[in-house]
Amino acid sequence: MPFISVKDGKCRDKATFNMAEACEKIENGLKHNFYWQFREWSYKNVKPRIIAEKYLSEVDSSDTDDYKVMCFENGPEMIQVHKNRFTNHTEDFYDLNWKKMDITQDIMPNSDIIVEKPETFDDMVNHFLHLLLVIL
């Protein structure tokens, strides 16, 4: 699901949250078919929806890292890691042994670092496998 940000993408203080601005951005996002932006077939027939998540923060970062488990015919095969989504956005790819892969995309630069393997990596993959079994 594409992320619709309001200002910096986070509501840290409900007292200063601009509800009208948020509603306008959400309404505009619901009218946008994200398939046409990058021709990602998986978005083509997706019904627009609103998903609200609990705010997550990390102590040492202004942005929360985003991990995507990439699944192919044999199940999970690699992890896509997004860093600094709201500042200097980068992406990297790692195999399931957490070895950085030499994959780049024209739309997003790779970082110059090796991202530390998350302590909860095994749990992350196990949760993904559980979701995969529910879907299939």
Side-chain angles (χ1 to χ4, degrees):
M1 182 64 155
F3 181 75
I4 301 169
S5 65
V6 178
K7 291 194 178 179
D8 67 352
K10 302 168 185 87
C11 173
R12 292 187 181 99
D13 181 3
K14 291 180 183 179
T16 60
F17 183 70
N18 186 331
M19 182 63 80
E21 179 184 348
C23 288
E24 181 179 342
K25 287 190 175 205
I26 289 170
E27 286 175 16
N28 288 336
L30 289 172
K31 296 175 189 172
H32 184 81
N33 183 332
F34 286 88
Y35 165 74
W36 297 110
Q37 188 170 2
F38 295 114
R39 299 296 191 267
E40 292 185 63
W41 65 267
S42 55
Y43 291 127
K44 187 170 185 180
N45 297 313
V46 172
K47 179 181 177 183
R49 298 173 189 195
I50 299 169
I51 298 175
E53 297 179 320
K54 180 179 177 182
Y55 173 67
L56 300 173
S57 66
E58 293 181 345
V59 176
D60 298 329
S61 176
S62 62
D63 291 323
T64 302
D65 294 344
D66 182 10
Y67 300 88
K68 299 176 187 282
V69 180
M70 309 300 261
C71 181
F72 301 99
E73 291 179 13
N74 298 320
E77 293 190 21
M78 66 179 163
I79 311 296
Q80 183 182 29
V81 181
H82 288 263
K83 295 192 71 62
N84 305 313
R85 187 173 289 278
F86 301 106
T87 53
N88 186 25
H89 192 176
T90 61
E91 72 176 354
D92 294 299
F93 296 86
Y94 292 83
D95 65 19
L96 295 180
N97 295 313
W98 208 256
K99 180 182 174 197
K100 191 171 184 177
M101 303 171 78
D102 188 22
I103 298 174
T104 59
Q105 296 190 79
D106 291 339
I107 59 172
M108 189 74 51
N110 293 104
S111 71
D112 296 330
I113 63 169
I114 301 291
V115 176
E116 187 176 327
K117 181 179 177 179
E119 291 179 19
T120 58
F121 177 75
D122 292 335
D123 290 335
M124 196 181 337
V125 173
N126 287 333
H127 286 300
F128 174 81
L129 289 169
H130 175 74
L131 289 171
L132 186 61
L133 291 173
V134 170
I135 292 170
L136 299 176

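One is the number of the first residue; the rest follow in order along the sequence.
Within the hydrophobic cluster formed by Ile, Leu, Val, Met, Phe, Trp and Tyr side chains joined at under 4.5 Å, directly or through other members, Phe93 is accompanied by Met70, Phe72, Met78, Met101, Ile103.
Not counting sequence neighbours, the partners of Asn33 by the side chain to side chain contact (heavy atoms under 4.5 Å, CB included) test are Tyr35, Trp36. Contacts of Asp66 classified as salt bridge (Lys or Arg N to Asp or Glu O under 4.0 Å), with partners at least two apart in sequence or in another chain: Lys68, Arg85. The side-chain hydrogen bond (donor to acceptor under 3.5 Å, both in side chains) search around Gln105 returns Glu91, not counting sequence neighbours. Shown here are the side-chain hydrogen bond (donor to acceptor under 3.5 Å, both in side chains) partners of His89, two or more places apart in sequence or in another chain: His82. The side chain to side chain contact (heavy atoms under 4.5 Å, CB included) search around His32 returns Phe34, Gln37, not counting sequence neighbours. For Tyr94, the ring-ring contact (aromatic ring centres under 6.0 Å, His included) partners two or more places apart in sequence, or in a different chain, are Trp98. Listed by chain and number, the residues in a side chain to side chain contact (heavy atoms under 4.5 Å, CB included) with Thr104 are Asn110 (sequence neighbours excluded).
Scanning both residues, Ser111 and Thr90, for their nearest heavy atoms gives CB-OG1, 3.6 Å. The two residues Leu132 and Cys71 make their nearest non-hydrogen contact at CD2-SG, 3.9 Å. Heavy-atom minimum distance, Pro76 versus Leu96: O-CD1, 3.1 Å.
Screening Glu24, Lys25, Met19 for a side chain to side chain contact (heavy atoms under 4.5 Å, CB included) involving Glu21 leaves a single residue, Lys25.
Within the structure, the salt bridge (charged side-chain N to carboxylate O under 4.0 Å, His left out) test picks out the following pairs touching residues 93-108 (sequence neighbours left out): Asp92-Lys100. A salt bridge (charged side-chain N to carboxylate O under 4.0 Å, His left out) check over residues 109-125, counting only residues at least two apart or in different chains, returns nothing.
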| Do Tyr67 and Val125 pass the side chain to side chain contact (heavy atoms under 4.5 Å, CB included) test, and can you show the C-alpha distance, the side-chain angles, and the key distance before you say yes or no? | CA-CA 10 Å; Tyr67 300 88; Val125 173; over 6 Å; no
